[in-house]
Amino acid sequence: YKAKALPGTAALHYDEGMAASDQSYLGAELREAIRDDQLFLLYQPIVSLADGRVLGAEALVRWAHPVHGTLAPDTFIPVAERTGLIVPLGRWVLRRAVRELAGWDTDIVLNVNISARDLREPGFAFYVGALLDAYEISGSRIALEVTESMPIDPAASESTLAGLRALGVRVSLDDFGTGASTLAMLHDVPVDEVKLDRTFTQAVPSERAPVAAAVLQVAGALGLHAVAEGVETRDQADRLRALGYAAAQGFLFGRPMPAADFGRMLERDALT
Ligand code: C2E
Ligand code: CA
Ligand code: CA
Ligand code: CA
């Protein structure tokens, strides 16, 4: 493929119009990247709106591409989804995330993004269970985020969801409120958490604020955790707390950061 960026600028972009040959080239490179550990994770804190304490983090994947520099997930996750590489990529992410979590002396919950496809993979829950065992991590310290914008097949996902539940692993519905069938999804897919999409977070206090309030009510009625994503200003944080949100994530509290930096943030947090 033709990089639309100078080396290192990370502006290389996947788009629907990308030639099939370019996509398959990127796919071949991605296969090697997974094998050769060119991927790495950044961690973005999820904090308590009541006292600012770190409750957890979301792991976000990056690709340290040898020519194009650091690539954001939007440039390669869609290709991974199309080529099936999302399965080995997802397992790489889980492995790395659980390993790094095991290295921190804390009881935070780590959110890891998975694909709707993982929920249909027989053996996915077994894989997660084996990983937790290997690192002696309790299932309750992991939440798996599945984005609402990808179709989840409730029947085909049932046994994996039951397996994850048996492990105590939480399932979180990401980008909540943006999907085509938000409430139907909650009805059909048993989840433990919803993440209010940042388009709604950032619309607080404007005319879309009622969505943030309604999502919290729905979550409350169903006994689900609710996390507000994409909080950038103190004003947004204050209003979300006033609405009743307990947990939030966004640039205001911390950008996605390397594991070592997040580890230090946890140490500082433990002292206060
Ligand atoms: P997401 O799961 O909705 O992740 C949140 C995205 O919003 C992240 O972008 C994060 O950097 C960004 N963000 C966080 N706080 C703020 C804020 O206050 N303001 C704004 N404007 N943005 C904020 P990122 O890291 O580029 O990830 C993009 C998407 O890529 C993720 O969206 C997720 O869908 C996907 N992704 C990331 N890591 C993985 C992974 O390991 N596996 C899979 N399957 N998908 C992943
Ligand atoms: Ca997510
Ligand atoms: Ca999200
Ligand atoms: Ca998103």
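Counting starts at 1 for both ligands and their atoms, in listed order. For clarity, every value in this text was computed on a predicted model and none was experimentally measured.
- Annotation: side chain of Leu252 is not in contact with side chain of Gln236 (no heavy-atom distance under 4.5 Å).
- Proximity of Asp74 to ligand 1 is established by a heavy-atom distance of less than 4.0 Å.
- The distance from ligand 1 to the heavy atoms of Ile77 drops below 4.0 Å at these ligand atoms: 43 (C), 45 (N).
- Shown here for Val169 and Asp192, the closest heavy-atom pair between the two residues is O-OD2, 4.2 Å.
- For ligand 1, the atoms lying closer than 4.0 Å to a non-hydrogen atom of Asp175 are 3 (O).
- For the pair Leu119 and Val189, the minimum side-chain heavy-atom distance is 4.5 Å or more.
- Using a 4.5 Å heavy-atom cutoff, the side chains of Asp118 and Ser115 are in contact.
- The ligand atoms of ligand 1 that sit less than 4.0 angstrom from a heavy atom of Glu232 are 17 (C), 18 (O), 19 (N), 20 (C), 21 (N).
- Here's the thing with Ala72: none of its N/O atoms is less than 3.5 angstrom from an N/O atom of ligand 1.
- The atoms of ligand 1 that sit less than 4.0 Å from any heavy atom of Glu58 are 2 (O), 4 (O).
- The salt bridge (charged side-chain N to carboxylate O under 4.0 Å, His left out) test applied to Arg62 returns no partner, not counting sequence neighbours.
- In the hydrophobic clustering of ILVMFWY residues, with side-chain heavy atoms under 4.5 Å counting as a link, Val112 and Ile34 come out together.
- Under the 4.0 angstrom criterion for non-hydrogen atoms, Glu229 is in contact with ligand 1.
- Ring geometry for Tyr43 versus Phe262: interplanar angle under 30°, hence parallel rather than tilted (30 to 60°).
- In this structure, Lys195 has no heavy atom closer than 4.0 Å to ligand 1.
- Each of the following atoms of ligand 1 lies closer than 4.0 Å to a heavy atom of Val231: 18 (O).
- If you number the atoms of ligand 1 from 1 as listed, the ones under 4.0 Å from a heavy atom of Gln44 come out as 14 (C), 15 (N).
- The shortest N or O to N or O distance between Phe251 and ligand 1 is under 3.5 Å.
- Looking at Tyr135 and Arg95, their side chains never bring a donor and an acceptor atom within 3.5 Å of each other.
- Qualifying salt bridge (charged side-chain N to carboxylate O under 4.0 Å, His left out) partners for Glu145, counting only residues two or more places apart in sequence or in other chains: Lys195.
- Counting heavy atoms from C-beta outward, Leu85 and Trp92 have side chains that stay 4.5 Å or more apart.
- Among the heteroatoms counted here (N, O or S) of Glu145, OE1 is the one nearest to the Ca ion (ligand 2).
- At least one N/O/S atom of Asn113, whether from backbone or side chain, sits less than 3.0 Å from the Ca ion (ligand 2).
- For the pair Phe253/Val54, no side-chain contact is recorded, criterion being any heavy-atom separation below 4.5 Å from C-beta on.
- Minimum-distance N/O/S atom of Asp174 relative to the Ca ion (ligand 3): OD1.
- For Asp174, every heavy-atom contact with ligand 1 shorter than 4.0 Å involves the side chain, none the backbone.
- Of all atoms in ligand 1, numbered sequentially from 1 with element shown, those under 4.0 Å from a heavy atom of Gln202 are 19 (N).
- Taking 3.0 Å as the criterion, Glu229 does not count as a coordinating residue of the Ca ion (ligand 2), since none of its N, O or S atoms falls below it.
- For ligand 1, the atoms lying closer than 4.0 Å to a non-hydrogen atom of Pro256 are 11 (O).
- Among the backbone and side-chain atoms of Asp175, no N/O/S atom is found under 3.0 Å from the Ca ion (ligand 2).
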